[in-house]
Colleague: 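Following this message is one structure expressed as structure tokens.
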Amino acid sequence: MKKKDVLIIGSGLAGLACSLELLEAGRGVQILEAKDHLGGRTSSWIEDGMEVESGLHRVLGIYQAFPAFLKKAGLEIDELVSWGDEVEIRLPDRGHRGVFGLSPLHRPLKTVYSFLGNNLFLNPLDKLRLSRFFRAGLKDHRRRPGYLDSLAVSEYAKKWQVGEEVLFHFLTPLSAGIFFLPPEKFSAFAFFSLLEPVFSRFMRNRVGAFVGGMTDVLADPVAQAIRRKGGRILTGLKVEKLLLDKDGRMAGISAGKKEIRAGQVVLAVDLGSAQRLVRRSFGSHSWFKPMLELPTMPAATLQLELFGPALKNDRPTFGPGTALSSFAEQSRTTFKDAWGRLSAILSPPDRFLNQAPNRIFQEFYQDAQRLDLKVVNNIKEYRAILHPEEFYSLSPGNQSLRPSQTTPIEGLVLAGDYTAQEFLTTMEGAVISGERAAAAILGKD
Ligand SMILES: Cc1cc2nc3c(=O)[nH]c(=O)nc-3n(C[C@H](O)[C@H](O)[C@H](O)COP(=O)(O)OP(=O)(O)OC[C@H]3O[C@@H](n4cnc5c(N)ncnc54)[C@H](O)[C@@H]3O)c2cc1C
């Protein structure tokens, strides 16, 4: 490596975004990735003969950093994403279904109607209480973030007289469906952090599916742009330790018998991996204590190849009261070659982590039938893809434990969705963290 080159550990969106920024500023970069494929939690690969992805992903129209990052790599978001304008909440055992329009710009009537209508789902009094709850939450998010982070969504909802039914029909799908946590465990601050841009960028609301496997359409093309600009990428190399020189400055990394010397390192890995590396390298340093206490949370997904579509439409659907907290039929978008393709995020994820795939499948299968999905005699094969500790936990009390990108160790910068930025554990958040890490290296704010 050249003297001024920056070593980036991790090829998720945080590492890729950081690399692009540094290259644009004329710096050299080398990315090290532990896996054989690029993209981290936005990746796709072949698992025992079946194409899988890290899990069901949707791009939100309110994202700004993510499309701008793509542009820097020469990609257009509208070519990567097939936009949809609706989400569905489906109650089990032939309960009600609510379809909600999301796009005031592209589906204005449906959007307005879905909130004025859907009265079987939410009656007018429920809607009034919900709107008071949302107004208060957005205000507290601005004025009293610490207070909001001390409460779970369910506790805050009770303060605003939101009833149990609304909690189950509406807030559970939103919290468990989007971030795998039920409202009793979901920080009200994190919840309103997600909603704030939905309201403040209201006209931009849309929801989009990738038009192919995420490594194919996203990570690999970005990596090509990085290589074109002179960046280097090494896969299959797991960093084991961060090395310091005798004055406590970054000196490089070690991976097995290999050592790479670098005075500037961006640690752009997921939270669980970052904690292990920090603990092993300089765990007693007091600055890292909060970050080492930041709890991780798991995610569990099941992905199925089908003989025919399980649903008529590909729209994000939430199944409160079942193991399928969110799911979608992807054969019209991401997996166009498949006859049918269902992807589900399972809840609560902890329960599935140590289960054999066939046990996970059995639970999925029962609940899929309760949700009226076409699964009987329709399943070709399935894979369970689990994420034991990649996410930081969105439970109350964790916001203040998230570290900044800058660290007191000279030459070491952090990136990754768990580091401090306002877009939680999302693609947008990961990109923002990577760009802030680059700014820290370049000495900009
Ligand atoms: C099932 C699921 C559904 C999701 N749905 C959405 C969604 O709908 N919308 C949305 O916006 N976001 C979604 N996300 C979140 C989004 O994918 C993440 O927030 C984002 O991709 C995180 O990027 P990152 O760069 O911070 O971390 P990661 O993508 O985790 O990247 C870290 C990289 O570091 C590598 N690494 C780790 N340790 C080492 C080591 N020691 N040496 C070398 N390399 C190492 C890893 O292999 C990985 O490639 C979802 C995530 C999952 C898993």
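As the structure lists them, so they are numbered: ligands from 1, and atoms in each ligand from 1.
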Colleague: Please check if the distance between the ring centroids of Phe288 and His285 is under 6.0 Å.
Modeller: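 Ring-ring flag for Phe288/His285: true, centres closer than 6.0 Å.
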Colleague: Please enumerate all residues that pass ring-ring contact (aromatic ring centres under 6.0 Å, His included) together with Phe352, with sequence neighbours excluded.
Modeller: none
Colleague: Tell me whether the centres of the aromatic rings in Phe133 and Phe192 are closer together than 6.0 Å.
Modeller: yes
Colleague: Anything with a heavy atom under 4.0 Å from ligand 1 counts, so go ahead and list those protein residues by chain and number.
Modeller: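 Residues within 4.0 Å of ligand 1: Ile9, Gly10, Ser11, Gly12, Leu13, Ala14, Leu32, Glu33, Ala34, Lys35, Gly39, Gly40, Arg41, Thr42, Ser54, Gly55, Leu56, His57, Arg58, Tyr63, Leu237, Lys238, Val239, Ala268, Val269, Asp270, Ser273, Leu277, Thr301, Ile345, His387, Phe391, Gly416, Asp417, Thr425, Thr426, Met427, Ala430.
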Colleague: For Phe391, does the six-membered ring have the charged nitrogen or CZ of Arg41 within the cation-pi criterion, i.e. under 6.0 angstrom from the centroid and within 45° of the normal?
Modeller: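 Satisfied, under 6.0 Å and within 45°.
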Colleague: What residues, two or more places apart in sequence or in another chain, satisfy side chain to side chain contact (heavy atoms under 4.5 Å, CB included) together with Pro348?
Modeller: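 By the side chain to side chain contact (heavy atoms under 4.5 Å, CB included) rule, Pro348 matches Asp350, Arg351.
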Colleague: Could you list the donor-acceptor pairs under 3.5 angstrom formed between side-chain atoms of residues 207-220 and any protein atom two or more places apart in sequence or on another chain?
Modeller:
unit_1: Thr215; atom_1: OG1; unit_2: Leu38; atom_2: O; d: 2.9
unit_1: Thr215; atom_1: OG1; unit_2: Ser44; atom_2: N; d: 2.9
unit_1: Thr215; atom_1: OG1; unit_2: Ser44; atom_2: O; d: 3.3

